[in-house]
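Notes to accompany the following structure.
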Amino acid sequence: MSRRYFGTDGIRGKVGQFPVTPDFMLKLGWAAGKVFAREGRSKILIGKDTRISGYMFESALEAGLSAAGVDVLLLGPMPTPAIAYLTRTFHANAGIVISASHNPHYDNGIKFFSAQGTKLPDEIEQAIEAQLDIAMTTVDPALLGKAKRIEDAPGRYIEFCKASAGGIDLKGMKIALDCANGATYHVSPKVFTELGAEVIEVASSPDGLNINDECGATSTERLQKVVVAEEADLGIALDGDGDRVIMVDGTGEEVDGDELLFIIATHLKELGEFEGGVVGTLMSNFGLEQAFKRADIPFVRAKVGDRYVMEQLAAHDWLLGGESSGHLVCRHLTTTGDGTVSALQVLRAMADSGKSLHELKLGMSKMPQTMINVRMQKKADVTGVEAVREAVAATEATLGSRGRVLLRPSGTEPVVRVMIEGEDAAEVKELCQALAAEVENALQALETSE
């Protein structure tokens, strides 16, 4: 059954435009409540990031859930992974996150977690969508859901993060921490401080509008400057809802998700705590694949998106996966991507090895990469065009085992992404331009034939 509202990562869009409206959220809360109430008396957690629209949607969801006879536990601003964790620890039937992750303040969205802190099963999402078609009713007044605010939610999550770090002592370490003016602003600084680090806070003063605004995991320039100016050992950049992390080494160089994934995996293997392999995505750098091959660590690629990484992890029963963007999943510690927990695993590798972040990242060499977005007037599949297939085959033959080719229609923009990686930057650029021209010619021919 196709979904009308739920995408690969919940429901997301611009605030005020359907379905990201207060009236829809009221109905969504009621519909979800009715589905979970089939199991008997239910309780559902609601957490949010720091967007100003979060207040509006929190109230709407709370009202809808109460009307369906479901009790509500309000967490206030909390990172997405914290909501997954607290859903489990409170034995709730589900958790609801109000967030648009790394998007600007004018976007917002809804994501559900199951009682196990994982993505909702497809059949539950479909049941909620079916319930949305039914006229809203209210249970008997004596059966209305009650709402309670959980005052100690931040403290619970802080202790969970600290416990995941394996008892490391960060005394003597200076860390610049960019919270993206988002949901981690009041918890992550305490995690690192309570483990002994000196923390320089960056972008930790949310005002409802400045979330992800030239800060955080999607924009590390400010953090890089702070690390160098303050002579910090490293920098940690989280995104608005706290499920991504990008780091900065002591020289001011960015350390992306691929490099962090390599550091965590190889460290766990050295400790004898690693089993199976690692899941990356189609966009993971070819250098990561080669580095894992040298380390004798199995590696597979999933489609782009944390949902697909999780699917591959479950299919292989592996524990570690992630994306270049910094969305890393440590399944041996938690059920979803967690920027703070992932950063702590990197710090643990530093503490155990006695090496700096810069030294650790040198274990993997990123391949030069060129990507060209070829615009489409209409959606079309160029991968089946013979001229394109021949051009791809010729490019792959030229690269051999020294690189790779990726042709991928974007899921969010009307473009075909043409990406090539290889050992020689000039060659990669030249090959990518030639292949992109072939793709553009094929698209024009397809559009003309229509």
So [Y] and [X], do their side chains get closer than 4.5 Å, heavy atoms only?
X: Leu328; Y: Asp243; value: no
X: Leu288; Y: Phe299; value: yes
X: Val309; Y: His327; value: no
X: Leu234; Y: Ile175; value: yes
X: Val392; Y: Thr383; value: no
X: Tyr185; Y: Thr50; value: yes
X: Val72; Y: Ile46; value: yes
X: Val279; Y: Trp318; value: yes

Working to the nearest 0.5 angstrom, can you tell me the gap between [X] [atom1] and [Y] [atom2]?
X: Leu26; Y: Phe24; atom1: CG; atom2: CZ; result: 11.0 Å
X: Leu177; Y: Glu201; atom1: CG; atom2: CD; result: 7.0 Å
X: Ser365; Y: Phe262; atom1: OG; atom2: CZ; result: 9.0 Å
X: Leu74; Y: Ile44; atom1: CG; atom2: CD1; result: 12.0 Å
X: Gln345; Y: Leu261; atom1: CD; atom2: CG; result: 12.0 Å
X: Asp317; Y: Glu275; atom1: CG; atom2: CD; result: 9.0 Å

Subject >> Pair Thr340, Ser188: side-chain N/O donor-acceptor within cut-off below 3.5 Å >> reply: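 Side chains of Thr340 and Ser188: pair found under 3.5 Å.
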Original post:
Are the charged groups of Arg307 and Asp122 less than 4.0 angstrom apart, N to O?
Top reply: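 Yes.
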**OP:** Take Lys303 and Glu311, measure what salt bridge (Lys or Arg N to Asp or Glu O under 4.0 Å) needs, and give me the verdict at the end.
**Re:** CA-CA 10 Å; Lys303 290 191 288 186; Glu311 285 178 357; over 6 Å; no
Return the minimal non-hydrogen interatomic distance between [X] and [Y], and the atom names on each side.
X: Val346; Y: Leu357; value: CG1-CD1, 3.7 Å
X: Cys161; Y: Val341; value: SG-CG2, 4.1 Å
X: Pro81; Y: Asp241; value: CD-O, 3.7 Å
X: Val20; Y: Met25; value: CA-CE, 3.9 Å
X: Ser42; Y: Asn93; value: CA-OD1, 3.3 Å
X: Phe292; Y: Ala265; value: CE2-CB, 3.6 Å

Original post:
So, is the end of the Lys48 side chain (NZ or CZ) under 6.0 Å from the ring centre of Tyr55 and within 45° of the ring's axis?
Top reply: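 Here Lys48 passes the 6.0 Å and 45° test against Tyr55.
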Subject >> Row check, Tyr106 ring normal vs Lys14 NZ/CZ: under 6.0 Å, within 45° >> reply: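 Ring-cation test returns yes.
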**OP:** Begin with the C-alpha distance, continue with both residues' side-chain angles, and end with the deciding distance and a verdict on side chain to side chain contact (heavy atoms under 4.5 Å, CB included) for His316 and Val300.
**Re:** CA-CA 10 Å; His316 289 82; Val300 298; 4.1 Å; yes
Subject >> Audit row: His267, Asp352, side chain to side chain donor-acceptor pair (under 3.5 Å) steps and yes/no >> reply: CA-CA 9 Å; His267 175 244; Asp352 287 348; 2.8 Å; yes
Original post:
When you look at CD of Glu123, are more than 12 heavy atoms from neighbouring residues, nucleotides or ligands closer to it than 6.0 Å?
Top reply: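 Result for CD/Glu123: enclosed.
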**OP:** May I ask you to check whether over 12 heavy atoms, not counting those of Lys174, lie within 6.0 Å of atom NZ?
**Re:**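 Yes, because the 6.0 Å sphere around NZ of Lys174 holds more than 12 heavy atoms from other groups.
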**OP:** Could you go through the salt bridge (Lys or Arg N to Asp or Glu O under 4.0 Å) check for Lys148 and Glu62 one step at a time?
**Re:** CA-CA 10 Å; Lys148 178 183 178 182; Glu62 177 189 344; over 6 Å; no
Original post:
Where do Glu194 and Lys162 land on the salt bridge (Lys or Arg N to Asp or Glu O under 4.0 Å) test, with the steps shown first?
Top reply: CA-CA 8 Å; Glu194 290 180 17; Lys162 287 161 58 181; 2.7 Å; yes
**OP:** Could you walk me through whether Leu347 and Phe192 pass the side chain to side chain contact (heavy atoms under 4.5 Å, CB included) test, one step at a time?
**Re:** CA-CA 10 Å; Leu347 293 174; Phe192 297 103; 3.6 Å; yes
Sidechain-backbone polar pair: [X] side chain, [Y] backbone, donor-acceptor under 3.5 Å:
X: Arg244; Y: His102; value: no
X: Gln224; Y: Gly252; value: yes
X: Thr335; Y: Gly117; value: yes
X: Glu129; Y: Arg4; value: yes
X: Asp152; Y: Gly155; value: no

**OP:** Apply side chain to side chain donor-acceptor pair (under 3.5 Å) to the pair Asp338 and Tyr157, showing each step before the final yes or no.
**Re:** CA-CA 11 Å; Asp338 190 318; Tyr157 177 64; 2.8 Å; yes
**OP:** Take Asp169 and Lys171 through the test salt bridge (Lys or Arg N to Asp or Glu O under 4.0 Å) and record every step on the way to the result.
**Re:** CA-CA 6 Å; Asp169 183 357; Lys171 189 175 181 180; over 6 Å; no
Original post:
When Asp71 is tested against each of Arg41, Lys146, Lys43 for side-chain hydrogen bond (donor to acceptor under 3.5 Å, both in side chains), which residue passes?
Top reply: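 Exactly one pass, corresponding to Arg41.
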**OP:** Verify side chain to side chain contact (heavy atoms under 4.5 Å, CB included) between Arg404 and Arg301, making sure each step is shown before the conclusion.
**Re:** CA-CA 13 Å; Arg404 69 183 185 109; Arg301 295 179 184 271; 3.2 Å; yes
Original post:
For Asn108 and Ser53, what are the C-alpha separation, side-chain angles and deciding distance, and is it a side chain to side chain donor-acceptor pair (under 3.5 Å)?
Top reply: CA-CA 7 Å; Asn108 216 331; Ser53 58; 2.7 Å; yes
Subject >> Pair listing, side-chain hydrogen bond (donor to acceptor under 3.5 Å, both in side chains) test, anchored in residues 253-265, at least two apart >> reply: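 Pairs touching residues 253-265 that pass the test: Thr220-Glu254, Glu253-Lys361, Asp256-Lys366, Asp258-Ser324.
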**OP:** Check step by step if side chain to side chain donor-acceptor pair (under 3.5 Å) holds for Ser101 and Asp239.
**Re:** CA-CA 7 Å; Ser101 188; Asp239 70 338; 3.2 Å; yes
Original post:
Can you list the steps and then say if Met419 with Val405 is a side chain to side chain contact (heavy atoms under 4.5 Å, CB included)?
Top reply: CA-CA 6 Å; Met419 188 193 80; Val405 179; over 6 Å; no
